Amino acid sequence: VTGAKAEVSCLALSRRFGSVFAIGSSDGVVCIYNIGSTEPLLWLQTQDPLGKVLAISFDDSEEQLCVVHESGEVCIWDLDSELLARTWKLKSEAVVHSAAIHPSGRVLALASRSPPQIELWDVRNHALVISYPLSTQHNLPSTSLAFSPDGLHLVCGGKGGALVFNLAQGSLTQTLSDPTDAAAYVTALAFHPFEPLLVTGSSSGKMALFDFTNFSSLELPTHQNSPSTPISQIAWSSDGACLMAMSLENLLLWNSRRT
């Protein structure tokens, strides 16, 4: 792709499948592309340099994009107007690695490696709501985040599996893991838009499917072009019929309709 002049530091795939993806770079610039195009649709850059982009995340409507910079600045961009809708600076010195926006659009989850924790922020008031400290027993570091479509759970990817937090209880309630991929990190997460299904992608290039009602493992057909490089992003189609996974080597598609 063209547009990104510096090293790419993170990537976010459109949750509406096949529409757009965004890349953040070390110079603080974010470029948004149509899938299959090499020319950027949008070029987002603040007036003052804020440092490397550490994490980016689309909201569910794809009308806004959250960008977290190395300086600790959080920027919420309105993609229609290409203007900053909100911006604030994190109070902590946490080095953010991943971000996710709650389906309501009112809460932002940020996972950091140093210190190891997950923070939930009130987007409107720019206030820290709650912090979940993580320890070595939680398979650190955190490498991915995703809210469940009903907004009741937050899933955090780590080494050998994914942690499930019940937001009402404010506690860790479940760990999802693939025994055949225990040494890898969960680098991508995606919920099905309608069914209680969660798919994970790992640093080894493997993917796993879970039933989120009973947290059991389901079979996901092996793709003929399954990558050996980390899965960087996963997305379901808006109707739940297709699943897409992106790695440095491949863009993989599955027909996920149940018969």
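Position 1 is the first residue of the sequence, and the numbers go up from there. The figures that follow rest on heavy atoms only: side chains count, while hydrogens, waters and symmetry mates do not. Keep in mind the model is a prediction, meaning the values are calculated, not measured.
Evaluated for a side chain to side chain contact (heavy atoms under 4.5 Å, CB included) with W121, the options V129, I130, L128 yield exactly one hit, L128.
Counting heavy atoms from C-beta on, the side chains of W88 and L90 come closer than 4.5 Å. Residues I234 and M244 have side chains not in contact (no heavy-atom distance under 4.5 Å, counting atoms from C-beta outward). Looking only at side-chain heavy atoms (C-beta outward), I118 and L145 come within less than 4.5 Å of each other. Here the side chains of L120 and L108 are not in contact, with every heavy-atom distance at 4.5 Å or above. The side-chain heavy atoms of T213 and P196, taken from C-beta on, include a pair separated by under 4.5 Å. Considering only heavy atoms from C-beta on, I101 stays 4.5 Å or farther from V107 through its side chain. Using a 4.5 Å heavy-atom cutoff, the side chains of M207 and I231 are in contact. Residues F147 and L152 fail the side-chain proximity criterion, which asks for heavy atoms closer than 4.5 Å.
Across all non-hydrogen atoms, the minimal contact from V20 to F58 is CG2-CZ, 3.8 Å. Closest approach of V96 to S98, counting heavy atoms only: CG1-O, 3.6 Å. In this structure, P149 and P103 approach most closely via the heavy-atom pair O-CG, 3.6 Å. The two residues A99 and L110 have their closest heavy-atom pair at CB-CD2, 3.6 Å.
Listed for the D181 side chain is no donor-acceptor partner under 3.5 Å among the backbone atoms of A184. Listed for the T200 side chain is no donor-acceptor partner under 3.5 Å among the backbone atoms of V186. Not a single donor-acceptor pair under 3.5 Å links the side chain of Q64 to the backbone N or O of I76. S9 contributes no side-chain N or O that, together with a main-chain N or O of L54, makes up a donor-acceptor pair within less than 3.5 Å. Put simply, the side chain of H192 gets close to the backbone of G240: a donor and an acceptor are under 3.5 Å apart. A donor-acceptor pair under 3.5 Å is absent between the side-chain atoms of H69 and the main chain of V53, judged by distance alone. Here the side chain of T173 pairs a donor or acceptor atom with the backbone of V164 at under 3.5 angstrom. Between the side chain of S71 and the backbone N or O of L50, at least one donor-acceptor pair lies under 3.5 Å. Between the side chain of Q45 and the main chain of V30, no donor-acceptor pair closer than 3.5 Å is present. Remark: side-chain polar atoms of T46 are paired, donor with acceptor, to backbone N or O of D48 under 3.5 angstrom.
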Query raised in the report: Is there a side chain to side chain contact (heavy atoms under 4.5 Å, CB included) between I32 and F21 once you walk through the steps?
Result: CA-CA 6 Å; I32 299 178; F21 69 96; over 6 Å; no
Query - Evaluation steps, side chain to side chain contact (heavy atoms under 4.5 Å, CB included), between L154 and C156 - result: CA-CA 7 Å; L154 175 66; C156 168; 5.7 Å; no
Report task. Quick one: do T87 and E73 satisfy side chain to side chain donor-acceptor pair (under 3.5 Å)? Show the steps, please. Result -> CA-CA 7 Å; T87 180; E73 202 76 21; 3.1 Å; yes
Query raised in the report: Do L11 and Q233 pass the side chain to side chain contact (heavy atoms under 4.5 Å, CB included) test, and can you show the C-alpha distance, the side-chain angles, and the key distance before you say yes or no?
Result: CA-CA 7 Å; L11 179 148; Q233 286 287 309; 3.0 Å; yes
Report task. Assess whether ring-ring contact (aromatic ring centres under 6.0 Å, His included) is satisfied between Y132 and F165, documenting all intermediate values. Result -> CA-CA 9 Å; Y132 298 108; F165 290 87; 5.0 Å; yes
Query raised in the report: Checking side chain to side chain contact (heavy atoms under 4.5 Å, CB included) for the pair I56/V68: CA distance, chi angles, key distance, verdict?
Result: CA-CA 6 Å; I56 48 180; V68 184; over 6 Å; no
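We find the OG-CG distance between S216 and D211 to be 4.5 Å, quoted to the nearest 0.5 Å. Atom CZ of R86 and atom CZ of R124 lie 7.0 Å apart (nearest 0.5 Å). To the nearest 0.5 Å, atoms OG (S217) and CG (L176) are separated by 9.0 Å. One distance of note links CD of E82 with CG of L44; it measures 7.0 Å at 0.5 Å rounding. Distance CG/L198 to CZ/F210: 7.0 Å, rounded to 0.5 Å. A distance of 5.0 Å separates CH2 in W236 from CG in L243, rounded to the nearest 0.5 Å.
Classification of the F191-F212 ring pair by plane angle, with boundaries at 30° and 60°, yields perpendicular.
Residues V8 and M246 are members of one and the same hydrophobic cluster, defined by side-chain heavy-atom contacts under 4.5 angstrom among Ile, Leu, Val, Met, Phe, Trp and Tyr. F194 is not connected to V155 by any chain of hydrophobic side-chain contacts under 4.5 Å among Ile, Leu, Val, Met, Phe, Trp and Tyr, and they are in different clusters. At a threshold of 4.5 Å between side-chain heavy atoms, the hydrophobic network of Ile, Leu, Val, Met, Phe, Trp and Tyr places F215 and L189 in one connected group.
Side-chain N/O atoms of S112 and E119 include no donor and acceptor closer than 3.5 Å.
Heavy-atom neighbours of D80 CG from other residues, nucleotides or ligands within 6.0 Å: at or below the threshold of 12.
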